[in-house]
Every structure is written in C-alpha cells, then in structure tokens.
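Encoded as structure tokens, the structure appears first; notes follow it.
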Amino acid sequence: MRNRTFRWSVKHLHTKEELYSNKIFFNAALPLVKVIANDVPSLKKQFQKVHAIIQVTALDPDAEGGKIGMHYVVNGEEWLVHLNRVDPNPHVELEFKSVEAMNAFFKGKMSPATLPKMRGVVKRFGAFKAFLMTLLKMSSLLGATEPPADEETKELMVKCFFYLLSGGISQLNKMGHEEIHDWTSKSPDRVYAWAVNGYPQISAYLRIKAGKSRAGRGEYKRAMPFFTLRFDSLDSALGILLGKDDMLEAVKQGHLIMDGAPEFGGQIGAYMLEVAKAAVKNIQKSVCEFRFVHAFLFCKRITLTCPTAGCTPAKSPIGKFAIRGSPNFPTLFLWLFPPRKTPRCPLCVPQCI
C-alpha cells in the first residue's frame, strides 16, 4: 500500500477590527502620500528627480502571492497610485511581517516584531528618504492634537481629513461593516459631501447606492449633494476634526452648517467616528515611531524631547547617546530594547540636532 502524505492548511483568521484598520491604512490613508507630496513644496522638490516604484505591503499567507499591499509609480511630479496591487519588483518597499504587525506599527507599537523590511535604502536612497519624509508629514498631520498656526498647513490638514473620512467610510462599506453596509444597502442614489466655505478646492464626497459606495475628491458637480457637512472656516473644521469642539455647539453657533437633510448629520458623524477609531487615533500614536525611524536613518546626532511633566529624556540611556554617523545603530538597539530599570517614555520624541 502506497504511503500517502496529507497536507493540512490552516487559514490565518484576522479579527474584523484588524481587517478594517488595515484596509483603511492601505486604501484611505496611504493614498494621501501623493496629495501631501504634491502640496508641500519642500517634499515636492525632493521627488523632482525620483523615478521609482514605491510599495507598502504586508505578508498574508491567504492572499494571492502571499502578500497584500499597494504601490505608487512616481515620475517626478507625476504619480500613479495602485490600490490592492502588488508589484513584483519595486525599487523601494516597506514589507511588514503580517497584517497585525503593520497595524501595530501604525498604532505606535514599535518592536522587532512590527518593524518592516526596508528595501531600496541604499540603491534608491533619494526615493526612500523622500517617501519616509512624506510618511512622517502624513502622520504628523493626521496625528495632530492641536490646529497648526499657518494657513497652508490648515488647508492641507482639512483636505487630508476630508479625503480620509470619505474614503474610510467607503472602504468600511466594501469590507462589509455591519452598520455602514446596512445603511448603504437601504439607500437610493445619494451623495454626502464635506466642504468649507470659501475653499472650493477643499472638499470631498461619498456617493452611495444599493450597497455600493464610491469616495471622491473635490466638489460633486453632477447634481446637488443630498447632504453636505459644511464648515464656515478652516478653524471650525479643525475644531470638529480634532475633537476640540462639540458638534451641537458648533451647529448652534453657525460654525457647522448641515445643508440638506439635517437628520443625517448625526449618522455621518457616527461613521466618521468609526473611521477615526480604526485609523486616525492609531496614527496619532505612530508619529513618534516615524520620527524615530527618520532620525535613526538620516540624523548625525539625536536628542529626545518630551511633553510629559517631570520626564527628563536627556538623562535616559537613549538620550545620552549622541553618536555621529548614520545609521545610528546603538540608539536603535536601546530604543527597541530599553533597560528594565530605565524604560523609555512612550511620548519621548527623537529629533535631529
């Protein structure tokens, strides 16, 4: 009798929350890299001579080819963003060990288990540096807790939030989020929009019909939106988006105008919170990690600053290192494996000096 070998395959089951967060990171947050690279002059300049395929992926044994991801095709100022597509030969790549590792990294949980493989650091150093700087800018915009002072950054921040929220709600619907998909399934053809008075270029919309959804950037011009969440100024928009102002008070004072059917305002607000729960609050925690990766790779000297009262990062083991030369391997080692007696404060931010 012939010997038979049986092969057992076990599917790795991700939780719904992990899948929701990952899909929003890939298909709603990371596409903002193109927007930021084109709108920030200093970053736009860094990409002028970049001609590369830049990719972000996460290994997944259940996916075709063993990984999921998205990539950009960059030719100077021209960008193409390919969602749900993995290029076999990217010039620059951040490859995470798993969906969970990628989510954990963006949530600010940096460790050897969550760090991505970084390909192209040497061969395409210019492209890699420009991409990492843009990721850092994105995380600082979406992770902000206070409105910026200058008008240009305010415009960019509100624009990114509008794009993230409209795209995030659409992605949750496509992922089968129970409450959101139930809402879109019962809906006729309707358009929901976000806008700021006096800034037609800062707007976004979400079109839904019979369970389907599509997010768009800019004003919806084919018809009047069914409902528009309109702000009277950039400061009013940031007050709501950053959770500083109460929505009902903003409506009473005229800072937030609900054009169309006002009874849908609370509903849209609830779905905005779902996106915030899945992505924005986590991105706020990742700002420090992106700054550290940047400092580790590109700074000749590193120092730490901390907003926590009583924290003295300069006296910590990491703070005592001011080693010339980059990459700064001793500092990276101490960051990943802090001594038990002097653990690192999670709010300490590394900076170049």
Side-chain angles (χ1 to χ4, degrees), residues 17 19-40 43 56 70 72 79 81 83-84 102-103 105-108 134-148 153-175 177 180 184 191-196 199 201-208 213-220 225 228-231 234 236-244 247 256 267-287 290:
E17 289 72 21
L19 291 174
Y20 292 158
S21 294
N22 195 252
K23 184 61 71 172
I24 289 177
F25 283 138
F26 269 131
N27 290 4
L30 287 175
L32 297 177
V33 167
K34 174 185 175 181
V35 177
I36 295 167
N38 286 327
D39 283 12
V40 179
L43 295 174
V56 181
M70 56 85 67
Y72 317 85
W79 285 65
V81 181
L83 303 180
N84 303 313
M102 178 178 172
N103 290 352
F105 180 83
F106 277 98
K107 291 175 184 178
T134 311
L135 283 178
L136 175 60
K137 182 66 174 179
M138 183 189 77
S139 66
S140 65
L141 286 170
L142 299 180
T145 56
E146 297 292 337
T153 308
K154 287 181 182 178
E155 290 184 26
L156 180 58
M157 185 180 288
V158 174
K159 182 193 293 186
C160 287
F161 268 110
F162 282 179
Y163 292 173
L164 177 66
L165 292 171
S166 58
I169 294 173
S170 181
Q171 290 301 318
L172 288 176
N173 174 60
K174 293 174 182 179
M175 288 290 291
H177 185 283
I180 294 177
T184 60
V191 174
Y192 296 79
W194 291 260
V196 180
Y199 296 87
Q201 74 279 15
I202 303 176
S203 53
Y205 64 87
L206 175 69
R207 185 178 180 183
I208 63 172
S213 61
R214 184 173 69 87
R217 298 173 176 180
E219 294 179 305
Y220 186 77
T228 301
L229 202 63
R230 185 182 302 279
F231 300 92
L234 293 173
S236 297
L238 290 172
I240 295 297
L241 295 171
L242 298 179
K244 293 292 182 181
M247 186 175 284
L256 173 59
Q267 194 174 35
I268 287 293
Y271 300 151
M272 288 166 60
L273 289 176
E274 285 295 316
V275 176
K277 183 174 69 175
V280 176
K281 290 182 180 178
N282 294 330
I283 291 174
Q284 288 175 350
K285 300 174 185 176
S286 72
V287 176
F290 276 116

Under the 3.5 angstrom rule, does the side chain of Asn38 hit a backbone N or O of Lys34 as a donor-acceptor pair? yes

pair Glu146-Lys244: side-chain heavy atoms closer than 4.5 Å: yes

Non-hydrogen side-chain atoms of Ser203 and Thr228 separated by less than 4.5 Å: no

Distance in Å, Asn27 CG paired with Met175 CE, rounded so as to fall on 0.5 Å steps: 9.5 Å

Value for CE (Met272) from CG (Leu165), rounded to nearest 0.5 Å, stands at 5.0 Å

With a 4.5 Å cut-off on side-chain heavy atoms, are Ile202 and Leu156 touching? no

Which heavy atom of Tyr271 sits nearest a heavy atom of Ile180, and at what distance? CD2-CG1, 3.7 Å

Please give me the minimum heavy-atom distance between Leu142 and Phe161, naming the atom from each residue. O-CZ, 3.9 Å

The reported gap from CZ in Phe162 to CG in Leu229 (rounded to nearest 0.5 angstrom) is 7.5 Å

Inter-residue atom distance Ile24.CD1 - Ile169.CD1, 0.5 Å rounding: 9.0 Å

Take Glu219 and Tyr205 through the test side-chain contact (heavy atoms from CB on, under 4.5 Å) and record every step on the way to the result. CA-CA 7 Å; Glu219 294 179 305; Tyr205 64 87; over 6 Å; no

Got Ile36 and Lys159 here, is their nearest side-chain heavy-atom distance under 4.5 Å? no

To check you understand the geometry: which heavy-atom pair defines the closest contact between Gly168 and Ala28, and what is its length? N-CB, 3.8 Å

Are Gln171 and Tyr20 packed together at the side-chain level, in the sense that at least one heavy-atom pair is separated by less than 4.5 angstrom? no

Check Arg207 against Tyr220 and note the closest heavy-atom contact, atom names and distance. NH1-OH, 3.5 Å

Distance (rounded to the nearest 0.5 Å) between Leu30 CG and Thr134 OG1: 11.5 Å

Test item: Ser236 side-chain N/O and Phe231 main-chain N/O as donor-acceptor pair under 3.5 Å: no

Indicate the atoms forming the closest heavy-atom contact of Pro148 with Leu238, along with that distance. CD-CD1, 3.9 Å

Could you check whether any side-chain heavy atom of Met102 comes within less than 4.5 Å of a side-chain heavy atom of Phe26, counting everything from C-beta outward? yes

What distance do Leu141 atom CG and Asp39 atom CG have between them, rounded to the nearest 0.5 Å? 10.0 Å

Say whether Thr184 and Asn173, considering side chains only, have a donor N or O and an acceptor N or O under 3.5 Å apart. yes

Side chains of Pro31 and Arg217: does their closest heavy-atom pair fall under 4.5 Å? yes

Quick one: closest heavy-atom pair of Leu242 and Ala144, and the distance? CD2-O, 3.4 Å

